[in-house]
*Asks:* 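I'd like to ask you about the structure that follows.
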Amino acid sequence: MSNMVEVKNLKKRYGDKQAVNGVSFSVKKGEIFGILGPNGAGKTTTLEMMETLRPIDSGSVVIDGIDVKKQPQAIKYLIGVQPQSPAFQDKTQLIEVIQMFAAAYGEKVDAMQFLRDVDLEEKAKSYVESLSGGQKQRLSITTALVHGPKVFFLDEPTTGLDPQARRNLWELIKKVRDRGISVIMTTHYMDEAEILCDRIAVMDNGAIVALDTPKNLIQQLLKRGFKKPQEVHQANLEDVFIDLTGKALRDGDS
Ligand SMILES: Nc1ncnc2c1ncn2[C@@H]1O[C@H](COP(=O)(O)OP(=O)(O)OP(=O)(O)O)[C@@H](O)[C@H]1O
């Protein structure tokens with residue numbers, strides 16, 4: 001797989017605070033790349049610099065051969081960004097939302113297909129206000145993809161969703177990756193990162209402290225002699241919840 005994204009020695013300072021302090025990594029075509037780290041580690045600032053939303057102090061971001069600092073306008077057509085809290089007009093039909101987003105990029109798209117991709121076809125004529133939290137997240141994902149981006153950014157996409165809606169979003173994110181789109185996401189959920197991400201960068205204090213596949217990161221910890229008390233659970237409370245309430249997508253999923 002070739003590299004779609006190259007980040008080199010990226011830095012950002014807010015006053016006295018060095019929020020991002022020399023971050024470098026690359027993301028391959030069709031890879032889900034996770035950025036983990038405690039609150040304030042610099043994840044969002046890193047993403048926002050990559051997305052042209054925040055000026056870069058120093059270092060570089062190159063996406064599909066295009067330098068973010070030199071050609072920010074061109075980058076906007078190459079990337080899709082799912083906002084943390086999507087803001088749609090409540091009294092707009094879903095089909096119109098898709099058409100409006102496409103028009104903003106000068107594109108005409110098959111809006112029903114975009115709704116079908118995220119299981120919202122039946123809601124095409126419904127107003128945004130009638131959607132559950134999970135449905136809104138799915139709508140925001142599909143709107144971020146109307147212009148056919150090569151890289152898709154998601155900042156904590158499943159925060160606040162119930163277990164079914166989270167799992168459903170994981171499947172959706174995998175489908176996006178399987179279409180050859182590179183996905184770059186942050187999350188505070190370690191289970192999510194382990195299941196979903198092909199590789200993970202762990203950030204702390206503005207720097208990457210580890211970068212590898214989830215499996216290798218775990219192996220490296222074990223090699224350092226890490227042990228925890230053995231307690232074998234064949235199932236956990238989430239399995240109970242899913243078993244009792246079903247994991248199939250439902251109309252009222254939140
Ligand atoms: N606009 C700003 N002005 C000043 N300081 C900021 C600004 N944005 C972020 N910071 C600071 O920069 C540091 C990194 O913030 P950032 O939001 O990138 O972290 P994060 O890893 O995304 O955190 P979280 O997990 O809470 O979203 C924090 O100390 C934060 O307080």
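Scope of the values below: all heavy atoms of this structure, side chains included, with no hydrogens, waters or symmetry mates. Note that this is a predicted model, so its numbers are computed, not measured. Order of listing sets the numbers, starting from 1, for every ligand and every atom in it.
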*Asks:* Looking at His188, which atoms of ligand 1 are within less than 4.0 Å of one of its heavy atoms?
*Replies:* 25 (O)
*Asks:* Within the supplied structure, the quantity of interest is the number of heavy atoms (other residues, nucleotides, ligands) at a distance under 6.0 Å from Glu48 CD; does it exceed 12?
*Replies:* yes
*Asks:* Could you check whether any heavy atom of Pro38 sits closer than 4.0 Å to an atom of ligand 1, since that is the contact criterion I want to use?
*Replies:* yes
*Asks:* Kindly confirm or rule out an N or O of Thr46 lying under 3.5 angstrom from an N or O of ligand 1.
*Replies:* no
*Asks:* Atoms of ligand 1 less than 4.0 Å from Thr45 heavy atoms?
*Replies:* 15 (O), 16 (P), 18 (O)
*Asks:* Would Ala19 count as a polar contact of ligand 1, with the cut-off being nitrogen or oxygen pairs under 3.5 Å?
*Replies:* no
*Asks:* What orientation do Tyr105 and His147 show, parallel under 30°, tilted 30 to 60°, or perpendicular over 60°?
*Replies:* parallel
*Asks:* Less than 4.0 Å between a side-chain N and a carboxylate O, is that true for Asp198 and Arg177?
*Replies:* yes
*Asks:* Is it true that Phe33 and Phe25 have ring centroids separated by less than 6.0 Å?
*Replies:* yes
*Asks:* Based purely on interatomic distance, does Ala41 place a nitrogen or oxygen under 3.5 Å from a nitrogen or oxygen of ligand 1?
*Replies:* yes
*Asks:* Are the side chain of Thr213 and the backbone of Asn216 linked by a donor-acceptor contact shorter than 3.5 Å?
*Replies:* yes
*Asks:* Glu48: heavy atom below 4.0 Å from ligand 1, yes or no?
*Replies:* no
*Asks:* Return yes if some donor-acceptor pair links the side-chain N/O of Lys175 with the main-chain N/O of Asp117 below 3.5 Å, else return no.
*Replies:* yes
*Asks:* Check for me whether Gly42 has a heavy atom closer than 4.0 Å to any atom of ligand 1.
*Replies:* yes
*Asks:* For Asp57 and Arg13, indicate whether the former's side chain and the latter's backbone hold a donor-acceptor pair under 3.5 Å.
*Replies:* yes
*Asks:* Measure the distances from the heavy atoms of Arg54 to every atom of ligand 1 and state whether one is below 4.0 angstrom.
*Replies:* yes
*Asks:* Under a 4.0 angstrom heavy-atom cut-off, which atoms of ligand 1 come close to Lys17?
*Replies:* 29 (O)
